[in-house]
J.: 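Structure provided below as C-alpha cells; questions to follow.
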2 protein chains.
Amino acid sequence: MSMSAPPLQRRPATIKDVARELDISVATVSRAMSKPHLLRPATVARVREAVERLGYRPNLVAQNLKLGSTRIIYVVVPAMSLFFFDVFRGIERAALEQGYSVVAAHTGRDPVREGEYFDQVACGRADGVLLVSSARLETRPPHQHQYPPTVSVLEVDEGREFPSVRVDHVAAAAMATNHLIELGHRRIAHISGNALAPMAEHRRRGFLQAMAAAGLSTEYCVPGEFSPEAGQAAMEILLARAVRPTAVFASSDEIAVGAIRAIKAAGLSVPGDISVMGYEDQRLSRIYDPQISTVHIPTFDLGYQAMTKLRRILAREPYEHDVLLPTHIVVRATTAAPKQA
Amino acid sequence: MSMSAPPLQRRPATIKDVARELDISVATVSRAMSKPHLLRPATVARVREAVERLGYRPNLVAQNLKLGSTRIIYVVVPAMSLFFFDVFRGIERAALEQGYSVVAAHTGRDPVREGEYFDQVACGRADGVLLVSSARLETRPPHQHQYPPTVSVLEVDEGREFPSVRVDHVAAAAMATNHLIELGHRRIAHISGNALAPMAEHRRRGFLQAMAAAGLSTEYCVPGEFSPEAGQAAMEILLARAVRPTAVFASSDEIAVGAIRAIKAAGLSVPGDISVMGYEDQRLSRIYDPQISTVHIPTFDLGYQAMTKLRRILAREPYEHDVLLPTHIVVRATTAAPKQA
DNA sequence: TCCCCCATTGTTAGCGGTATCAAAGCGGCA
DNA sequence: TGCCGCTTTGATACCGCTAACAATGGGGGA
C-alpha cells in the first residue's frame, strides 16, 4: 500500500496580499473587484493583473459575514428519490436565474436532522430554506427551533404553516379514486405510503373521501411504504383476501410497480383482472412495462415557483401565502373497466 | 389573490447581546458555548439560561471565518440519478460519523458549473470536494481554477488526477462482456452511455477489449445515453440490422430497460431471443420485470471510503492515492445461452 | 504573614472582507 | 488667484466570533 504524503497547501492570497503587492489600499482592491466603475480604468487593470498573478479570490465567508447574506438556499428533502429531484430541478432553474446557489440537504425523514438543517440556516449558513415535504408534526423533537425564511413545497407543513407552493393531494387522490370508480370498479383497494410522510396521509384521506362519497366500502385500505418491495408485500396481503379487490390505487408509482409484480406473480393480469393506479407520474411510470396510469404532479413548476416565492420573501416583497398548482390524471395501460362489470 | 405582508424579521441575537444581558464579557459567553469546563458551573448555567431566553445561536459564518474551516464538504455530482445518490448515501454516513456536513451540488454535466462549485469551495465556502464522476477533459473551460482538497469518486479524473476511490470500469465491463461470451454468444452488441461521461467511455473500452480478446467482431457497438429512451432507440437500430445480435451489453441498467422494451416491442423475448446485460446494479434492475442481470458497483462503500479519505487529507494524515474497490456480476433473469448455440 | 499558583474572567487583536468618511488632486470659473 | 466640486484613492470601523494574553482573587504552603 503506497501512502502519499499530504501535499503542502499554500495559504490562499488575501486582499491584503494584493494591496501590498501594488502598494495600494485594500479598499481599492475591493472596489476593483466589485465596483470597478468607481476607479480609473488603469487602476482596475493593474489590480486585475495582480489578482491573476497572485491567484487571489475573495473569501466568500468573509464577504458573507460583512454583507450578512450568503445567497445560498438549503433545499431540505426527506429522501433521495427521483420524485423529489424533479422538484429540485425546478428549484435549481429558478435559483440560477435569480442569482442564488442551492444545496441539497437530505434528512432521510429524520426530524432531528431536519431541525439541524434549519439551525444551520438560522445560524447564517444560508439565507433561506425550501422544505420539500417534511416530517410529521408528532414526530418532531420538542427542541425550540428558530425558523429562517422558509417555503414549503409539495404540501403544507402542519403546525408551522410556512408559506407554500403545493398541490391538493387530497383532491388529487380523490380524482384518482374516482377514475377507478367511473370505470365501474366497486371493490377498490388503497396501498398507502410511508407513515411518516404527511403526503401519504393526505392521499389516503382523498381515497377515503372519494369512496365514502360513492358509498363504497374502504375495507381494502392497507398500510405500505414508498417502495416497490412494500407495494408487493401489501398487494400480496390484499390478494390473500377471500374476495379480492378489482382495482388498486397505490400511493406512488413505485408502490404500483410492486403491486403489479405481485399481481403477475399470482397468475393474474393487469388490467385484465385487476386495475392499478399510481401517483406522482414519475418517469418510472412511463418506463415500466406496462406503462402505469397515474396522477400527474407538476414537480418542476412546484420547485420553480417555490424558489421564486422565497426570493420575494427575502427581498421583502409581498407574496401569496399559499399557492395551489393543478394536477391531472394520466391514463395509460394499467387501468380498465372490471371484467364482471 | 390575497397577498401577505412580509413578516418582520427580528435581528438575530449575537454574542454581545448575551454578554450585555448578563453584564459579562463576550469571551465568557463564547467559552460557555464551546469550552464549558473552563468556567464555573454556575456561570455556564447563567449563560445557558440567557442564551435560551434570547434565542441566541452562534453565527456559523463568523465562526468559520475565525476558525478558517467550515466542516462542510461539497459533493459534486453530474446528474440527479439514483445511481449517484447511492454513492451520496455512503458519503453522508461517513460525514455524519466524522462531524462533517455534506451538501449536494449538481452540475448537469456542465463543466462550467463544475468549475463554479470548485471556485466556491476554493473561496472558503467548504473545506473540500468529493467529485462524483466528472466532465470530460476536452470539454472543460480553459479558465484557471484553483483546486481545493478533492477526492474523485467512482472513477479517476483524467488530467487532474485527484486522489480517488473508484472501481475499474474497464475490467468490470470486460467481465460483463465475458459473461455473455461464456454463455455462448458471438454477436454481442454494446449500447454505450452519455458521450460526455468518462465512465461511459471506460465501459465501452472494456467491452471492446473483451471482444477483441475473444476474437469477436465489435460491429454492434452503438452510441447511446444513460436513459431508457436512448436505450430503446439504440436497440431499435440494432434490431433493424440484417443479422441481429443475440446479446446486448448495456452501459447502464436504465439503458437495459429501454433495450428490453424495444426487444419486446419487436415481438422477441428476453432472454429467449436476445440476452441483455445491464451495469450498475441499480435498484431498478431488481424491480424491473424481468429482473436484470448486471454488474454490481459498490456505490455505498465508494462514497463512504471517499469521504473517509478526504477527512484524512484535510487532517494532513497519510493516505493512499488511488483506491480500487472490487465489482462482481449479478446474474438474474435477462441473460441465458443463445438459442442456436 | 507573605507569596505563589491556579481557577476564573476580562480585554483585545485579528479572521478577510466592505462601507463610510476623509483627503488629495485637479480643472473650471469668477 | 482663490474657491468650489468632482473624481479617485486612502484610512478605518466593523460584521460576530475565538484565542492569546492579562488581570483578579482566593487558598494553601512555607
Side-chain angles (χ1 to χ4, degrees), chain A residues 10-48 50-51 54-71 119-127 146 148, chain B residues 10-48 50-51 54-71 119-127 146 148:
Chain A
R10 212 170 61 262
R11 182 183 66 82
T14 73
I15 197 168
K16 273 188 207 151
D17 298 321
V18 180
R20 197 177 314 119
E21 175 79 11
L22 296 174
D23 197 32
I24 58 177
S25 80
V26 293
T28 304
V29 178
S30 173
R31 280 188 279 251
M33 305 258 64
S34 51
K35 337 196 127 120
H37 58 276
L38 289 179
L39 260 40
R40 254 201 354 252
T43 310
V44 174
R46 279 175 60 222
V47 173
R48 289 251 166 89
V51 162
L54 299 182
Y56 166 70
R57 345 201 58 127
N59 182 311
L60 292 180
V61 172
Q63 219 169 44
N64 295 162
L65 176 61
K66 178 65 187 179
L67 300 179
S69 124
T70 61
R71 296 200 80 77
D119 283 348
Q120 282 199 15
V121 179
C123 291
R125 275 269 170 82
D127 294 352
Q146 282 176 24
Chain B
R10 210 169 63 263
R11 182 183 67 82
T14 73
I15 197 169
K16 272 188 207 150
D17 298 322
V18 180
R20 197 177 314 118
E21 176 78 11
L22 297 174
D23 198 33
I24 58 178
S25 81
V26 292
T28 303
V29 178
S30 174
R31 280 189 278 254
M33 307 257 64
S34 50
K35 340 195 124 123
H37 58 278
L38 289 179
L39 260 42
R40 257 205 347 254
T43 310
V44 175
R46 279 174 62 221
V47 173
R48 291 251 165 87
V51 162
L54 299 181
Y56 166 69
R57 343 201 59 125
N59 182 310
L60 292 180
V61 172
Q63 221 170 42
N64 296 161
L65 177 60
K66 176 67 188 174
L67 300 180
S69 128
T70 61
R71 296 199 80 76
D119 283 347
Q120 283 198 15
V121 178
C123 291
R125 275 270 170 82
D127 293 351
Q146 282 175 25

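Note that this is a predicted model, so its numbers are computed, not measured. Residue numbers begin at 1 in each chain, while the letters A, B, ... track the order of the sequences.
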J.: Just how far is it from atom CD of A:Q63 to atom OG of A:S30, taken to the nearest 0.5 Å?
T.: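 Reported value, rounded in 0.5 Å steps: 8.0 Å.
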J.: Among residues 14-21 of chain B, which residues get a heavy atom nearer than 4.0 Å to DNA chain D?
T.: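 Here the set is B:T14, B:I15, B:K16.
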J.: What is the separation between atom CG on A:N64 and atom P on C:dA19, rounded to the nearest whole Å?
T.: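 To the nearest whole Å, that distance equals 13 Å.
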J.: Once you round to the nearest 0.5 Å, how far does CZ of B:R71 lie from CG of B:L60?
T.: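 Separation between the atoms: 12.5 Å.
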J.: How many angstroms lie between atom CD of B:E21 and atom CG of B:D23, to the nearest 0.5 angstrom?
T.: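 These two atoms lie 10.0 Å from each other.
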J.: How many Å lie between CG on B:L67 and P on C:dG14, as a whole number?
T.: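 That distance rounds to 17 Å.
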J.: How close or far is atom C1' of D:dC15 from atom CG of A:L60, stated in whole angstroms?
T.: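 From A:L60 CG to D:dC15 C1': 16 Å.
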J.: Would one find a side-chain N or O of A:Q63 under 4.0 angstrom from OP1 or OP2 of C:dT18?
T.: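 Checking A:Q63 against C:dT18: at least one side-chain N or O falls below 4.0 Å of OP1 or OP2.
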J.: B:V51 versus B:M33: any side-chain heavy-atom pair under 4.5 Å?
T.: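 Counting from C-beta outward, B:V51 and B:M33 do come under 4.5 Å.
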J.: Distance check, rounded to the nearest 0.5 Å: A:R57 atom CZ versus B:Q120 atom CD?
T.: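 Separation between the atoms: 11.0 Å.
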J.: Taking CG from B:N59 and C1' from D:dC14, how many angstroms apart are they, rounded to a whole number?
T.: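 B:N59 atom CG is separated from D:dC14 atom C1' by 14 Å.
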J.: Between CG of B:L54 and CZ of B:R20, what distance do you get to the nearest 0.5 Å?
T.: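 Spacing of CG (B:L54) from CZ (B:R20) equals 10.0 Å.
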J.: Is B:S30 close enough to D:dC17 that one of its side-chain N or O atoms is under 4.0 Å from OP1 or OP2 there?
T.: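 False: B:S30 side-chain N/O out of range (4.0 Å or more) of D:dC17 OP1/OP2.
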J.: Within this structure, what is the CE-to-P distance between A:M33 and C:dT18, rounded to whole angstrom?
T.: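 Atom-to-atom, A:M33 to C:dT18, this comes out as 9 Å.
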J.: Is the phosphate of D:dA13 approached by A:K66 (side-chain N or O, under 4.0 Å from OP1 or OP2)?
T.: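 Looking at the OP1 and OP2 atoms of D:dA13, neither is under 4.0 Å from any side-chain N or O of A:K66.
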J.: Which letter, B, S or -, goes with each nucleotide of nucleotides 4-9 of chain D from 5' to 3', with contact meaning a protein heavy atom under 4.0 Å?
T.: ----SB
J.: What's the closest nucleotide to the side chain of A:K35 if the choices are D:dG16, C:dA19, C:dG17?
T.: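 The nucleotide sitting nearest to the side chain is C:dA19.
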J.: Any non-hydrogen side-chain atom of B:R125 less than 4.5 Å from a side-chain atom of A:N64?
T.: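 The answer is yes, as the side chains (C-beta and beyond) meet within the 4.5 Å cut-off.
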J.: Counting C-beta onward and ignoring hydrogens, is there a side-chain heavy-atom pair between B:V29 and B:I24 closer than 4.5 Å?
T.: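 Of all side-chain heavy-atom pairs linking B:I24 with B:V29, at least one is under 4.5 Å.
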J.: Roughly how far, to the nearest 0.5 Å, is the CZ atom of B:R46 from the CG atom of B:L22?
T.: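 CZ of B:R46 is found 5.0 Å from CG of B:L22.
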J.: Can you tell me how far P of C:dC15 sits from CG of B:L65, to the nearest Å?
T.: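 After rounding, the gap between these two atoms is 9 Å.
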